[in-house]
Amino acid sequence: MIEIKAEIPKNTKKRLMLLLELLEGEKKKRITSLEISKALGCKDTLIRYDLRYVKAVDGVSNGYDVPFLTEEVKKILELGTDSSLGGCEDINPKKICIVGLGRLGAALLDEEIFHKSGFEVCAGFDSSLNKVELMRSTFELYPASRIESVIPQQKIEYAILCCAENEAQKMADRLVKAGIKGIVNYTRAVVRIPTDVKIENVSPVLALQIVS
């Protein structure tokens, strides 16, 4: 049984997410913290610190069993899997929506992006009724006027914000009002939301400015 020693810090959670991506593509049976650190571009001591939050792997000195570590990291990140199916099928995926169906939002309509991620896109919203009617998707697309009704009705918990920058705050306010628990903000706008709603700002421009 996995026990969380404490609430996982935000940066640790990010690194564990990257670690999971690495593990799911790893061909070897075992991997060391040094190999992980080289792949992720951080110190191996930091990797060992992060893995302290996964109690089942404490004290490993000869490398980690890749399949086992993969499943344990999924559990600690609360990404449900069905072990009877090789640990690759989502159980009760978390429901998300896309707000803003411009080029970036439209690209996220591809279901393959979220395949085996633990998340399921259930709805898309846009201020343009014409765009909603013309675009095609395997899930329903709605005018933004229906955010407050559709989100609670479909029990959607998270949103990806891809709308125009000048609409970002207004859309974020409406998402919060509709009951959204967390927002991934792809816009460059600084969005203010209540402290009990989580937000991750991942503007590609901002990311490039940081790495450069």
Side-chain angles (χ1 to χ4, degrees), residues 10 13-14 17-18 20-21 24-25 74 77-81 88-212:
K10 186 176 181 180
K13 191 170 184 180
K14 285 182 178 180
M17 289 287 189
L18 291 173
L20 183 57
E21 291 288 333
E24 290 187 325
K74 284 181 180 179
L77 294 174
E78 298 181 347
L79 299 177
T81 60
C88 62
E89 295 298 325
D90 297 329
I91 298 176
N92 300 323
K94 298 174 182 177
K95 295 184 177 182
I96 65 176
C97 66
I98 299 168
V99 180
L101 300 175
R103 290 183 179 179
L104 180 57
L108 296 176
L109 297 181
D110 183 356
E111 284 190 320
E112 284 299 312
I113 295 174
F114 300 97
H115 184 52
K116 299 181 183 178
S117 68
F119 297 91
E120 177 187 8
V121 184
C122 297
F125 300 95
D126 197 273
S127 297
S128 170
L129 180 60
N130 185 54
K131 187 177 295 183
V132 168
E133 291 176 341
L134 291 176
M135 296 183 75
R136 293 291 177 265
S137 172
T138 56
F139 48 86
E140 196 73 29
L141 304 180
Y142 303 92
S145 60
R146 295 193 60 187
I147 284 177
E148 286 84 356
S149 61
V150 172
I151 286 177
Q153 182 182 39
Q154 294 198 21
K155 298 180 180 179
I156 296 171
E157 298 180 279
Y158 302 97
I160 301 178
L161 198 58
C162 303
C163 60
E165 193 172 326
N166 60 0
E167 291 186 329
Q169 184 62 60
K170 179 180 69 175
M171 290 298 183
D173 290 341
R174 295 179 62 187
L175 289 168
V176 171
K177 184 179 178 181
I180 285 293
K181 295 180 179 179
I183 297 172
V184 174
N185 177 24
Y186 266 107
T187 79
R188 296 177 64 182
V190 177
V191 175
R192 294 173 175 82
I193 59 175
T195 55
D196 60 336
V197 178
K198 295 182 179 180
I199 187 165
E200 184 71 18
N201 297 296
V202 289
S203 161
V205 174
L206 178 61
L208 284 169
Q209 290 171 339
I210 291 173
V211 299
S212 65

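- Within the structure, ring pair (Phe, Tyr, Trp, His ring centres under 6.0 Å) pairs that include any residue of residues 182-212 do not occur (at least two apart or interchain).
- Residues passing the side chain to side chain donor-acceptor pair (under 3.5 Å) test with T195, sequence neighbours excluded: none.
- By the 4.5 Å heavy-atom criterion applied to side chains, V184 and V202 are counted as neighbours.
- Within the structure, salt bridge (charged side-chain N to carboxylate O under 4.0 Å, His left out) pairs that include any residue of residues 201-212 do not occur (at least two apart or interchain).
- Taking CD1 from I98 and CD1 from I160, the interatomic distance works out to 5.5 Å, rounded to the nearest 0.5 Å.
- Taking the six-membered ring where the residue is Trp, the centroids of Y142 and F125 are separated by under 6.0 Å.
- For P152, the side-chain contact (heavy atoms from CB on, under 4.5 Å) partners are A178, not counting sequence neighbours.
- Annotation: the span from C97 atom SG to L141 atom CG amounts to 11.5 Å, rounded to 0.5 Å.
- The closest donor-acceptor contact from the side chain of E140 to the backbone of G124 lies at 3.5 Å or more, if one exists at all.
- Partners of E157 by salt bridge (Lys or Arg N to Asp or Glu O under 4.0 Å), not counting sequence neighbours, listed by chain and number: K181.
- Residues N201 and I199 have side chains in contact (heavy-atom distance under 4.5 Å, counting atoms from C-beta outward).
- Taking every heavy atom of both residues into account, P93 and E120 meet most closely at CG-OE1, 3.7 Å.
- Legend: salt bridge (charged side-chain N to carboxylate O under 4.0 Å, His left out) pairs involving residues 160-180, not counting sequence neighbours, sorted by first then second residue: E148-R174.
- No donor-acceptor pair closer than 3.5 Å links the side chain of K94 to the backbone N or O of Y158.
- The SG atom of C163 lies 4.0 Å from the CG atom of L161; values are rounded to the nearest 0.5 Å.
- Counting only residues at least two apart or in different chains, salt bridge (charged side-chain N to carboxylate O under 4.0 Å, His left out) contacts with residues 96-109 are absent.
- In this structure, the side-chain contact (heavy atoms from CB on, under 4.5 Å) partners of L129, at least two apart in sequence or on a different chain, are E133, P143.
- Applying the salt bridge (charged side-chain N to carboxylate O under 4.0 Å, His left out) test to pairs two or more places apart or on separate chains, those with a residue in residues 197-209 are K10-E200, K14-E200.
- Scanning both residues, G100 and C162, for their nearest heavy atoms gives O-CB, 3.6 Å.
- Counting only heavy atoms from C-beta outward, the side chains of I183 and L175 approach each other to under 4.5 Å.
- Annotation: salt bridge (Lys or Arg N to Asp or Glu O under 4.0 Å) contacts of K13 (sequence neighbours excluded): none.
- Here CD1 of I96 is found 4.0 Å from CZ of F114. Values are rounded to the nearest 0.5 Å.
- A search for side-chain contact (heavy atoms from CB on, under 4.5 Å) contacts involving S128 returns D126, N130, K131, not counting sequence neighbours.
- In terms of heavy-atom proximity, T187 sits nearest to S203 at O-CB, 3.5 Å.
- Pairing each heavy atom of I156 with each of I180, the nearest pair is O-CD1, 3.7 Å.
- Proximity of L101 to L109: side-chain heavy atoms (C-beta onward) are separated by under 4.5 Å at one or more points.
- P194 pairs by the side-chain contact (heavy atoms from CB on, under 4.5 Å) definition with V176, D196, not counting sequence neighbours.
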